[in-house]
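A short worksheet on the structure shown next.
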Number of protein chains: 2
Amino acid sequence: MSPDIKHFNPDVVLDDAVRVFWRQGMPATGIQALVSATGLSRSSLYATFGNKDGLYAAALGRYIEQHSTPAFAALSAAPTGLTAIEDFFTGLIGVRCSGPVAGWGCMVTNAHAGPESADPAIRELLDAHHQTLQSAMRSALHTAAGLGQLAASVDLDAAAAVLATLAYGVNLRSRAGAAADTLREAVAGALVPLRAHPAPAPTPQEVPPQ
Amino acid sequence: MSPDIKHFNPDVVLDDAVRVFWRQGMPATGIQALVSATGLSRSSLYATFGNKDGLYAAALGRYIEQHSTPAFAALSAAPTGLTAIEDFFTGLIGVRCSGPVAGWGCMVTNAHAGPESADPAIRELLDAHHQTLQSAMRSALHTAAGLGQLAASVDLDAAAAVLATLAYGVNLRSRAGAAADTLREAVAGALVPLRAHPAPAPTPQEVPPQ
DNA sequence: CTTAACTTGGAATGGACGTTCCAAGATTCG
DNA sequence: CGAATCTTGGAACGTCCATTCCAAGTTAAG
């Protein structure tokens with residue numbers, strides 16, 4: 001059917017593009033930088049992704065698929081409740097503040113701040129990302145409630161909204177070089193008031209009334 | 001001393017530049033757009049601010065001085081405690097989601113995401129902004145504690161870190177068109193657990209023990 | 001083996017970028 | 001009034017931008 005097939009793997013190319021867009025942002029990234037990073041030519045880039053906006057949208061989708069979705073799925077499915085939320089933020093802060101992508105922030109978070117956030121295709125990705133994060137948080141909180149980890153007064157939806165919104169703040173501040181300890185303090189401060197106070201009596205069966 | 005003085009007011013010019021940088025971001029804004037917005041020529045811009053980076057830094061400083069500092073000062077000095085924090089976020093969300101700058105987010109928040117955040121001069125502004133916000137939050141929480149508005153278990157520093165970090169998330173999500181109600185829910189979810197439970201007995205003098 | 005279909009590298013295009021330079025205008029000093 | 005000094009508008013600079021185009025290369029179909 002096709003006399004010739006692509007000589008490259010689009011997903012690998014997208015991973016290269018992600019790294020450039022992630023670090024530099026969309027408007028500050030030129031086509032030449034993408035050509036150099038991906039190793040293929042302008043023609044192939046344009047034939048595959050249309051134009052720069054299309055390549056950016058594809059790269060952002062790839063980022064979400066590779067980085068966000070697995071973390072959200074783990075958070076959502078974990079049976080450990082509050083511990084899973086702690087692990088989520090611990091891993092997040094670890095990645096943001098040390099290792100090969102330290103100081104890059106989160107590509108989705110960064111995308112909010114640029115002019116690309118006005119593009120409807122991008123905005124759809126941002127909104128879906130936010131909703132997925134928030135519902136993963138809500139799911140973990142629901143698990144935590146079942147485990148008796150939460151204070152009775154906690155509103156699951158409101159708490160999920162807080163934690164999801166807080167995550168953007170953590171990502172953002174990490175890009176300006178905020179210390180990991182500072183970010184951890186903010187996360188801890190948000191989690192502490194959710195936690196059920198340890199029962200004064202050693203009967204671990206139910207939350208004490210009132 | 002000077003055979004000719006500037007024919008313009010630098011602060012007014014900066015206000016014009018702020019509007020352009022704020023909405024479009026630094027890398028997506030060209031000199032031509034700044035010339036058009038300010039009404040003065042390239043020569044005068046370069047003579048006054050050095051180059052584009054200098055103009056951006058000056059504009060960011062002007063934004064902080066004009067928008068952030070007054071809000072932070074009001075938050076810090078208000079005698080109303082938790083109410084002042086609520087007012088801060090209510091005003092914030094109102095400005096972000098409706099009116100002439102709706103959908104622009106916060107220029108300082110936006111600055112975190114771009115490559116400009118790597119510039120040491122910019123990073124200094126970002127760090128100072130964050131510290132000022134956080135200490136204003138901490139001050140308002142201290143006032144709230146004095147008014148008996150806070151649950152006894154609340155750690156003022158941790159709560160201030162949460163609220164300051166959350167503000168960045170609110171600013172960011174507003175730029176992607178998040179609904180005001182959604183943002184208000186996140187803020188409310190962060191404030192509710194801080195609040196002292198109303199005393200069951202009508203003696204408003206002290207928080208009930210335990 | 002020829003032909004058609006498709007990818008690929010690299011040159012070419014026009015426009016916008018940030019920055020510099022210079023002549024002209026304006027004002028204060030001698 | 002003349003000279004010096006600074007600002008101003010606008011042209012000019014070379015570079016990089018995103019995008020298009022074309023010839024060469026490669027493979028499947030006939």
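Proteins get letters first, then strands, A, B, ... in listed order; numbering begins at 1 in each.
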- Task: Write down the distance between CZ (Phe49(B)) and C1' (dT19(C)), rounded to a whole number of angstrom.
- Result: 16 Å
- Task: Tell me, with the steps shown, if Thr69(A) and Thr132(A) meet side-chain contact (heavy atoms from CB on, under 4.5 Å).
- Result: CA-CA 8 Å; Thr69(A) 302; Thr132(A) 306; over 6 Å; no
- Query: Starting at the 5' end of DNA chain C, which residue's closest nucleotide do you reach first, Tyr46(B) or Gly39(A)?
  - Reply: Gly39(A)
- Message: Tell me the interatomic distance from Glu116(A), atom CD, to dA18(D), atom P, rounded to whole angstroms.
- Response: 13 Å
- Measure the shortest side-chain to side-chain distance between Phe88(A) and Leu163(A) over non-hydrogen atoms and say whether it is less than 4.5 angstrom. no
- Interatomic distance where CG belongs to Leu55(A) and P belongs to dT19(D) [whole Å]: 10 Å
- Query: Under the 3.5 Å rule, do the base of dT19(C) and the side chain of Arg42(B) count as making a donor-acceptor pair?
  - Reply: yes
- Task: Could you state the atom-to-atom distance from CD1 of Ile31(B) to P of dC16(D) in whole Å?
- Result: 17 Å
- Item | Spacing of Asn9(A) atom CG relative to dT7(C) atom P, expressed in whole Å | 15 Å
- Can you tell me how far P of dG10(D) sits from CG of Leu45(B), to the nearest Å? 13 Å
- Message: Both Leu40(B) and Gln32(A) contact DNA chain D. Which one's nearest nucleotide lies toward the 5' end?
- Response: Leu40(B)
- Base, sugar-phosphate, or nothing for Thr29(B), non-hydrogen atoms under 4.0 angstrom? sugar-phosphate
- Rounding to a whole Å, what distance do you find between Tyr56(A):OH and dA18(D):P? 14 Å
- Message: With a 4.0 Å limit, can you tell me whether Ser43(A) has a side-chain N or O closer than that to the phosphate oxygens OP1/OP2 of dG9(C)?
- Response: no
- Minimum side-chain heavy-atom gap Met26(B)-Lys52(B) below 4.5 Å: yes
- Ile85(B) and Leu194(B), any side-chain heavy atoms less than 4.5 Å apart: no
- Task: Please determine if a side-chain N or O atom of Ser41(A) lies less than 4.0 Å away from the OP1 or OP2 oxygen of dG10(C).
- Result: no
